[in-house]
Amino acid sequence: MNAVIYGTSTDPASLGDPDTVPQVNVVALLGGVGGAKLASGLAQLLPPERLTFVVNTADDFEHLGLHISPDLDTVMYTLAGLVNPETGWGVKDDTWNTLAMLAHYKAPTWFRLGDRDLATHLLRTQWLREGFSLNQVTQRLCSLLGVRQRVLPMSDAPVRTWVLTDEGEMAFQEYFVRRAWQPRVRAIRFEGIEQAQPTSAVMNALADADVILFGPSNPFVSLDPILALPEVRDILSAVRAPRVAISPIVAGQALKGPAAKMMHELNLEVSPVTVAAHYRDVLTGFVLDHRDAAYATTITAQMGICTLVTDIVMHDALARARLAREILQFALQQ
Ligand code: FO1
């Protein structure tokens with residue numbers, strides 16, 4: 001049944017009640033900060049063994065000799081309760097002594113690495129150099145941070161996002177952080193995607209999922225790298241589990257980052273309809289904000305995708321849990 005469903009406000013007291021939360025295996029495909037917020041909402045509802053987060057690694061890069069995995073760290077720090085709440089990335093209450101010394105040496109400081117955060121990059125780099133896979137390194141870091149949900153890099157192989165702009169092609173972090181996403185985007189490509197395969201942990205989790213979610217992450221640079229892995233695309237088309245995306249666009253603006261600006265520069269309408277159309281081959285459901293309610297019937301009628309209209313802005317922990325719960329209930333109705 002294809003329908004538009006309207007969310008209701010949820011009684012906060014029952015948010016984590018196991019009797020009212022369906023105990024199902026959930027896999028969420030995630031990028032950075034928006035994805036991490038959804039992950040923390042789900043983590044308030046479901047036991048850790050029910051949750052798997054498949055995370056974009058095409059933002060990864062080498063910086064000052066270190067292997068940085070920003071999206072993995074954002075998800076990991078958020079679940080560990082360590083994330084910097086002001087930025088959504090990095091470690092809370094971090095200090096910047098190393099960065100100050102780097103500035104003294106006139107070394108690059110545009111990518112802000114805090115002193116505590118640096119420990120993660122040092123260990124990841126060391127363990128990768130010792131021959132452990134990115135997945136093994138991530139499991140080890142999560143375990144040491146007390147993160148019990150499964151946080152999986154999309155692939156062990158290097159995939160790197162390049163952004164073609166009106167000022168030439170630049171590596172993703174160069175575009176995103178150094179240039180503060182100011183250059184106009186013309187195209188995006190994922191270097192290494194043809195050789196990359198999802199890990200077997202990712203494939204097994206997708207095969208066993210009762211619900212698959214696409215986080216409110218940037219479709220072009222956060223979720224597309226995961227979906228560009230042919231085996232992921234194929235299994236998403238083959239599974240019977242409901243597959244639900246959450247819009248990263250609300251009232252013509254991105255919840256965070258350059259998704260709306262990119263859409264405009266790629267000559268696409270800045271609306272949840274564009275996001276739903278982007279994933280339409282692999283989706284059964286789509287969640288959009290009540291401010292965009294007018295688009296719900298278009299998505300349902302034109303694409304045959306069920307829609308849930310609710311408040312999708314996750315201001316605090318309660319809002320994250322409420323949204324996660326509504327999404328799960330919506331997904332399981334399909
Ligand atoms: N984002 C910024 O906008 N500026 C930074 O200086 C920055 C540093 C940084 C350090 C570690 C880390 O894990 C993430 C960091 N990010 C920074 C966020 C990150 O690069 C982007 O948000 C993602 O790549 C996009 O999802």
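Sequential numbering from 1 along the given sequence is applied to the chain's residues. In listed order, ligands and their atoms are each counted from 1. Model, not experiment: these values are computed from the prediction.
Among protein residues, Gly32, Asp59, Pro70, Asp71, Trp89, Trp110, Phe111, Arg112, Leu113, Asp117, Phe172, Gln173, Phe176, Val177 come within 4.0 Å of ligand 1, judged on heavy atoms.
Identified under the side-chain hydrogen bond (donor to acceptor under 3.5 Å, both in side chains) test for residues 216-229, with sequence neighbours left out: Asp224-His278.
Judged purely by atom type and a 3.5 angstrom limit, Asp71 has no side-chain atom pairing as donor or acceptor with the backbone of Asp59.
By the 30° and 60° cut-offs, the orientation of the rings of Trp181 relative to Phe176 is tilted. Between Phe61 and Trp110, the angle of the ring planes lies from 30° to 60°, which puts this pair in the tilted group.
Checking Trp162 against Glu191 by side-chain atom types alone, a donor-acceptor pair falls below 3.5 Å.
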- prompt: Should Trp127 and His67 be marked as a ring-ring contact (aromatic ring centres under 6.0 Å, His included) after you check the CA-CA gap, both sets of side-chain angles, and the distance that decides it?
  reply: CA-CA 10 Å; Trp127 290 339; His67 181 112; over 10 Å; no

